[in-house]
Each structure stands twice: as C-alpha cells, then as structure tokens.
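Right, one structure below, let's go through it.
Below, chain A is the first sequence line, B the second, and so on; all start at residue 1.
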Amino acid sequence: MIEREIADFDLEQIARSGQCFRFRELGEKRYSVVAGGKYIEVCQEGRLVRFDCSEETFESVWRGYFDLDADYGRYKRAVAKRDQYLQRAVAAGCGLRILRQELWETIVCFIISQQNNIGRITKCVENLCSLFGEICYNRSGQVYNAFPTVERLAACTLEEFAPIRLGYRARYILSAARQVVSGEVDLEAVRHMDYAHARTELMRLSGVGRKVAECICLFALHHIDAFPIDTHIRQVLDAHYPKGFPLKRYRGFAGVMQQYAFYYELVTN
DNA sequence: CTCCAGGCATAAA
DNA sequence: TTTATGCATGGA
C-alpha cells in the first residue's frame, strides 16, 4: 500500500472527467482502474491518496499514469484573473489530471466516443473488454478484463461486434485495427512523433478525424498542447470566448485548460 | 414522436 | 477548400 500527500489531485474528479472509461466506483472516494492491462484500487481522504500496489509498481506505472510529477499549480496560476469562466472551471475541477493512457486503448475508446454519450461509451467499452479482453486476476483473486489487443480485434468479424452495440463505429474499429496490424499505420512511430505529426498520422486511421485524433494526442501521448473542440467546448467558445480562446496565453498546455472547461460543463449541465 | 450525445466519411459545390 | 448528409444506438 502506497500513501502519498498529493496537491491538486482529486480521484473522484479524475474518475468522472470522461478521459478514461475504465474507472469503477467501489465506494466513498474509492475507485478501481484498469490501465495498460494492470488493475489498481485507489482511495482518497483529503490530500492523502492510497494506491493499493507495490512501491515498484507505483513508481513504474501509476506515478506516470496519474501525471504525479507535473505541477498543476503552475497551470492554474496561468489562468487570467479576469477570465471569470476559466476561474470557475478551474475551481470546479481543481483536482483534475491529464492521464497517460495506453495508445491503442485510447484510439478505440475515442472512436467509440464520437456522436455518443459517456454512459453509453462506458457500456460499449465494458462490452468490448468482457468479450475480447484477456482475463486477468487482481491481488484479491478477482477477475477483470484487460483491454483487447489490436491483434485480437483485427481478427474479429463485424458479426462478432454486434453484441457490443457499437453502431456504425464497429466497422471503424475493425478497419483501424487492421490498419495497425498490417503496418499501414505504425503506432510505435506515432509514439515518437511531435503533436502535429502524431495528429496527422492518427487521422489516417478509419474513424479518426481531427477531434478524436486530438483527444488521443492529449490523453494517450500526453501532448497537453492539444485542444480538442467537441460540441460542449464549441458551446463554451461561442458563449464565453467570442473572440476565440486565448490559446497563446496557454501555449504548451492548452489541453489542461480544455479539460477544466470540459469537466465544468459536465458537472454543471 | 423528436432531439441529442466528446464526429467522421463521403460527395458535392 | 468549405459545406451538406447519412450514420447506429439508447436515453430524455
């Protein structure tokens, strides 16, 4: 069991922020997460966060996953004092973090996310994992499913996807998986590209347009200058930033501001 | 019944 | 290059 006092960290906000669909609420401020094939239970009391794992696993996996080495106070202090909207958004989501999620998993989840709502996205991801994800056991001997590998999904047929209820996104995922397995799109290369090149390359995948590619860049590749504009952010920009969002002010970490705004819309609507 | 949810692919202008 | 349209599903 690892215990840490962590500033600017709120497990509940992170779990509800809609960047990862594999958090499960176990109890009061207590969640499980499956990421990169690994299972962990985390709980929080005030600033004290408990990670149920070994020191080695905490250092090699979860410190990076939860972005614990970043100084979110610095991001928050950059917010313009007179920007009332963003000030409120940061106050509402003061414990958010940009996670470092596994690339293939993030590609699939955000293909599913298009023209969809978070509740149904979560169900689709659950269905996908329980059908095609490797069966694993946590430290208590409970079963969980890893996220399906790209090879496993590439070997599927559209008919096998039917019970997942992916709608028209099923063929996108199948095609994207085959593009990766065939080498047509090289994810290992994408990992080493800068933001602009990674986005362009990801958009070659079927079902991945600009918005989904930017989400993948932000939530998997940690290009935190990515600023995905979805329907909610569009409304925020129209209502509060008629002259455009001040991207220059937040150059290098605009994606963090995007996440504060997205979460704020989530909890206030 | 209609409208909408973290858009995308395709065709047409 | 920008702008219209169809697309699966389920909940409000």
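Picking from B/dC8, C/dG10, B/dG6 the nucleotide with the shortest atom distance to the side chain of A/Gln114 gives B/dC8. Ranking C/dG11, B/dG6, C/dA8 by closeness to the A/Tyr168 side chain, first place goes to C/dA8. Listed nucleotides: C/dG11, B/dG6, B/dG7. Nearest to the side chain of A/Lys123: C/dG11. In this structure, the nucleotide among C/dA8, B/dC8, B/dG6 sitting nearest to the side chain of A/Gln115 is C/dA8. Closest approach to the A/Arg169 side chain among B/dG6, C/dA8, C/dT9 is made by C/dA8 (side chain taken as heavy atoms from C-beta onward).
Two rings, from A/Tyr250 and A/Phe245, have their centers less than 6.0 Å apart. In this structure, A/Phe147 has its ring center at least 6.0 angstrom away from the ring center of A/Phe132.
Counting non-hydrogen atoms under 4.0 angstrom, A/Leu205 reaches the backbone sugars and phosphates but no base. Using a 4.0 Å heavy-atom criterion, one finds that A/Phe219 contacts the bases of the nucleic acid, with or without backbone contacts as well.
A gap of 22 Å separates the C1' atoms of C/dT3 and B/dA5, to the nearest Å. Distance noted for atom P between B/dC3 and C/dT5: 15 Å (whole Å). Nucleotides B/dG6 and C/dT2, compared at atom P, are 27 Å apart to the nearest Å.
When each of A/Gln258, A/Gln235, A/Glu214 is tested with A/Asp230 by the rule side chain to side chain contact (heavy atoms under 4.5 Å, CB included), just one qualifies, namely A/Gln258.
OP1 and OP2 of C/dT9 both lie 4.0 Å or more from every side-chain N or O belonging to A/Arg120. At the phosphate of B/dA9, neither OP1 nor OP2 sits under 4.0 Å from any side-chain N or O atom of A/Ser206.
Lacking a ring centre under 5.5 Å from that of the base six-membered ring together with a plane angle below 30°, A/Phe110 does not count as stacked on B/dG6.
Two residues are said to be in side-chain contact when any heavy atoms from C-beta on lie closer than 4.5 Å; A/Gln44 and A/Tyr31 fail this criterion.
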